[in-house]
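Throughout, protein chains are lettered first and strands after them, A, B, ... in sequence-line order, and every chain is numbered starting at 1.
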Amino acid sequence: MFETHVSEAMGSEANASGAADGPALAAGERIALVDVNNFYVSCERVFDPRLEGRPVVVLSNNDGCVVSRSEEAKRLGIKTGAPWFQLAPQAQRWGLVARSSNYELYGDMSARVMEVLGRFGTWQEVYSIDESFLGVAGDEARLRTEGGRIRDAVRRLVGVPVCVGIAPTKTLAKFANHIAKRNPGMDGVCSLGSLPRGEAERIQSRVPVTGLWGVGPRTGKRLNALGIETVADLRAADPLAIRKRFSVVLQRTVLELNGTPCIPHAEERADKQQVMFSRSFAVPVSTLEEMDQVMAVYAQKGAARLAAEGMRAAVVSVSAGTSRFSAGVESAPAASVALPSPTQDPIVLTRAAVGAMRGRMVPGVPYVRAGVLFSGLSRADAAGEQAMLEPFAEERNESGIADVLGAVRAKFGEAAIGLGQGGLAEPAAWTMKREFSSPRYTTEWADLPVARA
DNA sequence: TCTGGGGTCCTAGGACCC
DNA sequence: TCTGGGGTCCTAGGACCC
């Protein structure tokens, strides 16, 4: 019974012989985790070198709160999630610079970083907008050098600084990366196997367990109650006991800390399971008419993403909410509707979203955010088979309008065309605030930076 | 005046089936 | 008094990540 659990937990990539005693590593394949330091801020600095050496923050949508900080901003004690309106009064005194988030720029810079990283791996798994796992091989001396090459290549070809962590499992690679970040003497590269004997263990006995990938504040509290405070404590815990008390996820963490890889890597990215468009408003929305408008616009934004993914949705869910920070009436309307058949048709999706929200919201109550979620996704190119199975489905005759809208937007811009309330030429009052936005340097001809010598 | 958005995976529990 | 057992599928909610 228990053996079954262990083998399940280890997954198909399991390597029982890899359960070495701690990170005393043998030669063979290793995993590198490379991520960009302070990614959004670093992207802004590539195109505006005046930001070097200054405290800089990038703000969330609506210029709400801090999502990326330069080292100088961290030193000022600014925390991730800090609301901008609380920082703004001190900004001038501190010399603090704020930028609105510019996802078009970051997305393009991410693609460039990933392309360069891909040159160095026997395999690559892009894990997030700013980090990637890579397969690397060789003896310790070579791994260390290779890490330095990766760091230099990204700096030279894309312009952003990265850190590299190298180890036999993903969890340990993340941990090595964490060490590289906190020890400037390492020049941004840490291969666990190159550390002096006993050094990795010493660090593990100092880092709190919540410093690990996959261990958040909740799990951290429960672990502390059992006397498991540090990474070293968790590494020494019994994996089966951990599975029984917690979950298979944490059991994998324990095994990975001991050098046994159990998190399989997805060679190609799996299809998305949901597509969401959700935003808070610049000013609250409290009328039925405005909420109709919001739903129409959000559904079309989501539909465009769905079409870009080549997916169709079977379920449309909508939600809205009042402010968590105000004492007024609380209201959180939400509804889901199943569509007669999966579709990517923006007309069908928009009608469903508007219809689902109508009658749920309370007029007069100030809503500060809303969202549209598409789920039950399937690939659009499987539509033919589906049609044969469901000859009487009503929405079979997709209008092809998703393609038309996409083509018009690509040629004439985002605001060029829309359905119904989504076709507003002037942005409505509730649309997002972005006061400190940088240009789309790399994706818009008009925004191309000009250098003068 | 002002506090983000978009995902994933796992688990528990209910509905339903034979 | 006493009411099977085993399986699947689906959903909601929790926890986490960046």
Side-chain angles (χ1 to χ4, degrees), chain A residues 5 8-9 11 33 35-40 57-69 78-89 91 98 100-101 103 106-107 110 125-133 170-171 174 177-178 209-223 243-253 262-264 266 269-284 298 301-302 305-306 309 314-315 317 319 321-326 334 336 338 366 368-377 429-430 432-435:
Chain A
H5 283 163
E8 278 169 16
L33 185 272
D35 73 349
V36 181
N37 306 342
N38 317 324
F39 182 53
Y40 298 168
V57 293
V58 172
L59 304 175
S60 63
N61 282 325
N62 246 342
D63 295 339
C65 59
V66 172
V67 291
S68 181
R69 306 163 293 160
I78 296 170
K79 301 269 185 266
T80 299
W84 172 242
F85 74 89
Q86 289 175 359
L87 298 173
S100 303
S101 39
Y103 288 103
Y106 312 147
S110 172
E125 180 186 338
V126 176
Y127 177 70
S128 76
I129 192 165
D130 77 326
E131 56 188 303
S132 183
F133 290 106
K170 287 183 174 176
T171 303
K174 276 268 196 184
N177 182 284
H178 171 103
V209 76
T210 46
L212 278 173
W213 186 41
V215 183
R218 304 285 179 120
T219 307
K221 270 215 177 76
R222 289 177 58 201
L223 284 169
R243 185 196 170 105
K244 272 198 271 184
R245 276 182 189 266
F246 295 86
S247 68
V248 66
V249 180
L250 196 61
Q251 182 191 25
R252 286 189 195 126
T253 302
C262 5
I263 302 174
R269 209 184 51 173
D271 282 337
K272 282 196 182 171
Q273 302 190 17
Q274 51 180 240
V275 167
M276 191 190 298
F277 191 89
S278 154
R279 286 282 180 284
S280 45
F281 311 131
V283 295
Y298 285 17
K301 296 275 191 191
R305 286 185 189 174
L306 195 65
E309 294 282 336
V315 178
S317 307
S319 60
T322 46
S323 172
R324 308 196 300 281
F325 302 96
S326 83
S336 288
V368 299
R369 67 194 146 75
V372 174
L373 172 72
F374 299 135
S375 57
L377 304 190
W430 44 264
M432 206 160 81
K433 191 166 61 178
R434 283 172 104 202
E435 274 183 55

Any donor and acceptor pair, going by atom type alone, linking the side chain of Arg305(A) with main-chain N or O of Met276(A) inside 3.5 Å? yes

Interatomic distance, Trp430(A) atom CH2 to Ser280(A) atom OG [nearest 0.5 angstrom]: 12.0 Å

Check whether Arg434(A) reaches the backbone of Ser101(A) with its side chain - one donor and one acceptor, N or O, closer than 3.5 Å. yes

Minimum-distance nucleotide (side-chain atoms of Asp130(A) versus dG6(B), dG4(B), dC18(C)): dC18(C)

So, OP1 or OP2 of dG5(B): does either fall under 4.0 Å of a side-chain N or O from Arg369(A)? no

So, OP1 or OP2 of dG6(B): does either fall under 4.0 Å of a side-chain N or O from Ser278(A)? yes

By ring pair (Phe, Tyr, Trp, His ring centres under 6.0 Å), which residues pair with Phe246(A), not counting sequence neighbours? none

Considering only side-chain heavy atoms of Pro83(A), which listed nucleotide, dT3(B), dT11(B), dG6(B), is closest? dT3(B)

Does Arg222(A) have a side-chain nitrogen or oxygen under 4.0 Å from the phosphate oxygens OP1 or OP2 of dA15(C)? no

From the options dT11(B), dC18(C), dC16(C), select the nucleotide whose nearest atom is closest to the side chain of Glu131(A). dC18(C)

Any side-chain N or O of Lys174(A) below 4.0 angstrom from OP1/OP2 of dC18(C)? yes

Calculate the interatomic distance between Gln86(A) atom CD and dG4(B) atom C1'; express it in whole Å. 15 Å

Starting at atom NZ of Lys433(A), determine the distance to atom C1' of dG5(B), rounded to an integer number of angstrom. 17 Å

Check the distance between dG6(B)'s P and Tyr127(A)'s OH and give it to me in whole angstrom. 18 Å

Nearest-nucleotide 5' precedence on DNA chain B, Gln273(A) against Ser323(A): Ser323(A)

Give the nucleotide from the list dG7(B), dT11(B), dC17(C) with an atom nearest to the side chain of Gln274(A). dG7(B)

Under-4.0 Å side-chain N/O to phosphate OP1/OP2 contact, Thr219(A) with dC16(C): yes

For Ala282(A) and Arg305(A), take the nucleotide of DNA chain B holding the closest heavy atom to each; which residue's nucleotide lies nearer the 5' end? Ala282(A)

Can Phe85(A) be called stacked on dT3(B) when the rule is centres closer than 5.5 Å and an angle between planes below 30°? no

Name the pairing partner of dC18(B), where a pair is Watson-Crick or G-U wobble with both distances under 3.5 Å, or state none. dG5(C)

For the pair made of CG in Leu250(A) and P in dT8(B), what is the distance, rounded to whole Å? 22 Å

Between Arg245(A) and dT11(B), is there a contact of a side-chain N or O with OP1 or OP2 at under 4.0 Å? no

Within the 4.5 Å heavy-atom criterion, are Leu59(A) and Val66(A) side-chain neighbours or not? yes

Would you say Ser101(A) places a side-chain N or O within less than 4.0 Å of OP1 or OP2 belonging to dG4(B)? no

With rounding to the closest Å, how many angstrom separate the C1' atoms on dG4(C) and dC16(B)? 16 Å

